[in-house]
Amino acid sequence: MKKRVSHIIALLAVLALVSCSTKKNTAFTRFYHSFTTRYNVYFNGIENYKEQIKTMENEYEDNFTDLIYMHPAQAYANPKDPQPTGSFDRTIEKCQKAIQLHSIKKKPRRNSKKMSDPKYRDYLKRDEFNPYIHNAWRLMGQAQYYKGEFLEAAATFLYISRHFTWMPDLVAESKLWQARCYIALGWLYEAEDILQKINNDKLPESQNNWFATVNADYLIHKGEYQKAIPFLETAIKSAPSKRQRIRLTFLLGQLYEKTQDPARAYQTFGQVISMNPPYRTEFNARIKQTEVFSGKNIDKEVKKLTRMASRDRNKEYLDQIYYAIGNLYLSRKDTLKAMENYRLANQKSTRNGIEKAICQVTLGDLYFDRREYVDAQPCYAEALPQLKEDFPRYDLLERRSTVLDELVVYAQNVELQDSLQNLAAMSEEERNKAIQKIIDDLIKKEKEEAENLKREEYLAQQQGPQFNSDNAAKNNATLISGDKSWYFYNKTMVSAGKTEFQRIWGSRKLEDDWRRRNKSGFSMSDFAEKTEGGGGEEGGAEFDENGMPVEEIPDSAETAAADDPHKPEFYLKQIPMTPEALETSNEVVAEGLFNMGLILKNKLEDYPAAIANFNLLEERFPENPYRLDVYYNMYLMYMRDGDEVTAGLYRDKIRSTFPESPYAQAMADPHYLDNLRRMSTEQDSIYEATYAAYLENDNRTVHDNRAFMEQKYPLSPLMPKFLFLDALAHVGDKQYDQFKEGLRNLLERYPQADVSPLASTMLKGVAQGRQVAQGGGNLRGMIWKARLTNDTTTVFNDSVRATFTQDLNAPHVLLLVYATDSVSSNQLLFDVAKHNFTNFVVKDFDLEIMTFNEISMLVVKGFSNFEELSHYRRLLDNSETFRYPPGVKPIMISEDNFKKLLEGYSFEDYFLFLENNPQPTEPYEER
């Protein structure tokens, strides 16, 4: 025996000497490199691979609130999801080493006696002669996939399928891996093409289970859950590990739930529990069972969940437990019990994650369906920052939250003023007791919040320095969304900030001086133009060095008490104790009821609630200043509901009480209803024509169309836009007094219109002595003279001019500038990207949409100098597929000069520089 072993060792030594080069292709070299590949390099790689796969599958925490991944590696395709652990670098390194050192490409010496054998001739045509090297290629592709390098893995498997054609099972397996890489990349069409072809080409029997796994993955990504179920069932039977079998079984239960098969879903989640899974998986399987429970008696399930809530190990999951109990009651239409448990789930939540957000959305939906909008608002507002934008119904939830934010401002104002008026009506003793109770409750709440904050800070410190108390909220929002963009471009962080603001200050209307109770959006005195006298103060009042009237300097102690919510003075100063204060309070209530009615009617289409608010407004304040608008909106709602008799009563009220109003004049037309119906279809086309006429400097048409609309459709919701364009057209006519008068008319008639803030900015600019932009046409005056800033855009000239530079060798950008809302930004972006992809295979350009109020632009970056940009511009101008949309103006500019524009300078400044410094090459401005 010893002699035989020594012979083998000697033989191996000889083989090592004669077979170390891959430039030889003999039986000895093939044996040597195959042996070395298998038991040296490949062995180390496969052991690391198995270890990392086990780590990844065991340690990954799935998101059970949505469909879980078939494998944790798929999470790499979505950076916003929790990322898996495990490093496959060593495996890839070993495979690359095996291929580099042991791949045999050289053809063997031909044996003329075997050339008549077809198999031998096919053997000579091979690209690889190491009989084991294909395993290294396959393992490298698999490691690349599990590392998240899906594109690299797809390329590896494509290489295998093309260069190992004599191994049909390997080729089929590689094509399936390639399809799975495409699925992870979101290339479903390419994956479908591979799956169909491989199935039609008679799939090897050895690959049936792997085909079922990949095909199930494809169908799930495509949303065809019913078709995916039988393939997933096959994949479960062939799962390579227990952890994968548990994961796929849980996913199967979710698919049954998606396909409205609660009985099978309940049974499948029970199978997960019986497989002795990790506790977190078992817990979520039990929760899922409650969501799909279809039995008649839920008492047993409720008791089971209640017992779970009493266990210490489940304290972290109390929110999910009570949410599940709420689901059981909701399935039996017991809405009150369901809402009670959802509220309890929110109170018990300690993680503020996706689970709590889903509970809040569910509770918010119930409140919304019951028309309890004030209670629904905080549910949506707190949930949105925790949700990703691909969450189902995200857009609808965001719209609801925005509308309810606006509604709650007025609802809370009404509630606050009513409470203050009730306090004013109390005796002094009762009032003081009520205020003291408010103070006591506040102190108790602050104490509880302080204790919670200490606990959160302690937990944050345990998790690491990035969770410090100052940045915890910010980091939490970033981790949830995965969005690291600037704060105001990060929707998640903005929503979180809004929620925090409302927690501290309450809901507030978005306006100047929001801290003040009594204010208006603007005053015509703001637009009084400056005179040489300047002063404007009557009575010669004296002011201290801080600008405060001397006689009105408050006592510091009184001021401190009045600003401290722990002192009675803080509340007493808000109570309307005088007739003037009571009148102001009633104005706030009336404004709130009116605006609540408008929001309920126009944005929520809840006509009964809107009518109730308008009726309450009329009942409490018969002479309120909103009567005309109330009557008209009541008329519209009753007409919408088919109650023409009641609608007629409100029409008669308008004509008798407000005979000179636009509403009464419009209703005097016997064809008023027909005009009203036509208005919705005609107003858009008339406005488009008016806007086009403005851009073409056809100011007469602009004025005529505005006059036509005021005569034919005076109640058009687009009337503010017509008035705004009409005022701007006077600038082109050099009729500056009419321009200012037109803006004043707009602000007086429509103070809340979307164009009113810009009109207000313009009039304030005139009042401050700024010069109205002149010459160059309407578009030039509207766009080229505008200042590009991050806060506002104005149309007035300043005396300060930017210092631009002229450097044709500096990096350049192309700006496609247009008036905001005149062009579809997304369509323009798509068309330019398509042009780039078609004409530039190697070169890549960055595209970015930038908006500055009325100005928008598509920025094309990536040009090293002006010459490169000129070449690009020629191709773009002469393209057979791309056409500049009307109103889009291309501008070629260096990056340094573009930065000057972004600092607040105008295109007019830049064009003036070009006029004084003409370019020797193509023009920069217009086509």
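The pair K445-E448 does not meet the salt-bridge criterion, since no charged nitrogen lies less than 4.0 angstrom from a carboxylate oxygen. Taking a cutoff of 4.0 Å between a charged side-chain nitrogen and a carboxylate oxygen, E291 and K288 qualify as a salt bridge. Between E152 and K147 there is no salt bridge, since no side-chain N of the basic residue sits under 4.0 Å from a carboxylate O of the acidic one.
You'll find the ring centres of F283 and F64 outside the 6.0 Å limit. Aromatic ring centres of Y367 and Y373: separated by at least 6.0 Å.
Remark: side-chain polar atoms of S401 are not paired, donor with acceptor, to backbone N or O of E398 under 3.5 angstrom. At distances below 3.5 Å, at least one donor-acceptor pair connects side-chain atoms of Q254 with backbone N or O atoms of I68. Between the side chain of S349 and the backbone N or O of A345, no donor-acceptor pair lies under 3.5 Å.
No side-chain donor from either of Y69 and D217 sits under 3.5 Å from a side-chain acceptor of the other. With no hydrogens or angles considered, no side-chain donor-acceptor pair links E382 and N346 at under 3.5 Å.
Screening I358, N341, L305, L363 against Y323 for a side-chain contact (heavy atoms from CB on, under 4.5 Å) leaves a single residue, I358.
Atom CZ of residue F250 and atom CG of residue L255 lie 11.5 Å apart, to the nearest 0.5 angstrom.
Annotation: Y279, atom OH; neighbour count of heavy atoms from other residues, nucleotides and ligands within 6.0 Å is above 12.
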